[in-house]
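Below is one structure, written out as structure tokens, with a few remarks after it.
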Amino acid sequence: PRPLTRRGVSRGISASRNAFTTAAGSDATGAGNVISSPFATITKALSFATSGDSVFIDAGVFAETVVLSIGNLALIGMDANATVIDPPGSDTGITASNVSGLVIKNLGVISTNYGIYFDNVDLSTLSADSFSHSTVGGAHLIGGSDTNTVVSCDFLNNSTNGSGYALMITGNSNSIRNNRFLNNTAANIIVSAPAQKNTVDSNSMTYGTYGVWLNQTNAYNNTVTSNTILYSSQIGIPLDTTDSNVIRGNLIRNASVRG
């Protein structure tokens, strides 16, 4: 896509159907289908979107909860530090259910209950996003959310209630790789029943109660490899009545209780 030239969200009607949004755009007068006439909100751009569309979001702070109700849709910001979703009242930043084929890239989500909440969402990708200062969890992939990829994202200062997590998955065959977890209060990653055949690979985790928590009996056949886990306040990789998992090549240092 062409780079954005002004602040806003925009939608294009073409073979590739693009939309453009900026904080300085207009939902009332913006056309949304060209960079020079963007919408002001992501929600407005999504109201025109259909399967196969892309919504491009320029720099700015967007005070809204983004609801993704159709599949095969791309939501792409300029940069996770520049394009920020900060919903009112600590609501959820991005939510989706019963869809597949989503791409969420280069977006920051801050000061939420849940940064992103996927319920039965499949074959989707979170890439180069940032989730920070959530009360409960940065990203929540539950309800049969299968075959998703979370890659090159930052999870910072999450679970501020002290009992949540940065990332939870309960589905199958998800790939969690090359992400950075820093200063999360509770668990960094929870792989919880009925999660199976998930891969947690090459992530860095500094601080938090746990690094990667494999939790409950039906969480099995998961692979945890080549992660760096530092300064856990309790355990680096706790195993809670789970079995048949592969845990290999992880570096765990300075855990307060045990590795």
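The first residue of the sequence shown is numbered 1, and numbering continues consecutively from there.
Counting heavy atoms from C-beta on, the side chains of N179 and V150 come closer than 4.5 Å.
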Return a table of donor-acceptor pairs under 3.5 angstrom between the side chains of residues 76-85 and protein atoms on other chains or two or more places apart.
{"unit_1": "D79", "atom_1": "OD1", "unit_2": "N81", "atom_2": "N", "d": "2.7"}
{"unit_1": "T83", "atom_1": "OG1", "unit_2": "I57", "atom_2": "O", "d": "3.3"}
{"unit_1": "T83", "atom_1": "OG1", "unit_2": "D58", "atom_2": "O", "d": "3.2"}
{"unit_1": "T83", "atom_1": "OG1", "unit_2": "M78", "atom_2": "N", "d": "3.0"}

Just list the side-chain donor-acceptor pairs under 3.5 Å for residues 107-117, sequence neighbours left out, or say none.
{"unit_1": "T112", "atom_1": "OG1", "unit_2": "Y114", "atom_2": "O", "d": "3.2"}
{"unit_1": "T112", "atom_1": "OG1", "unit_2": "G115", "atom_2": "N", "d": "3.1"}
{"unit_1": "N113", "atom_1": "ND2", "unit_2": "S90", "atom_2": "O", "d": "2.9"}

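Residue pairs meeting the side-chain hydrogen bond (donor to acceptor under 3.5 Å, both in side chains) criterion with at least one partner in residues 123-132, sequence neighbours excluded, are absent. Sorted by first and then second residue, the ring-ring contact (aromatic ring centres under 6.0 Å, His included) pairs with a member in residues 160-190 read H140-Y165, F155-F181; sequence neighbours excluded. Listed by first and then second residue, the ring-ring contact (aromatic ring centres under 6.0 Å, His included) pairs involving residues 239-259 amount to none (not counting sequence neighbours). Among residues at least two apart or in separate chains, salt bridge (Lys or Arg N to Asp or Glu O under 4.0 Å) pairs with a member in residues 139-167 are D154-R180.
Side chain of T65 to backbone of T92: a donor-acceptor contact under 3.5 angstrom is found. Panel note: side chain N250, backbone T228; no donor-acceptor pair is recorded below 3.5 Å. The closest donor-acceptor contact from the side chain of N174 to the backbone of S145 lies under 3.5 Å. The closest donor-acceptor contact from the side chain of N158 to the backbone of S134 lies under 3.5 Å.
Considering N178, T223, T225 in turn, T225 is the only one that fulfils the side-chain hydrogen bond (donor to acceptor under 3.5 Å, both in side chains) rule with D201. Test V200, V151, N227 against R177 for side chain to side chain contact (heavy atoms under 4.5 Å, CB included) and you get one pass: V151.
Judged purely by distance below 3.5 Å, without hydrogens or angles, the side chains of E64 and T43 pair a donor atom with an acceptor atom.
Put simply, F131 and Y210 are part of two different groups of oily side chains (I, L, V, M, F, W, Y) that touch within less than 4.5 Å, one to the next.
Taking OG from S152 and CG from L126, the interatomic distance works out to 11.5 Å, rounded to the nearest 0.5 Å.
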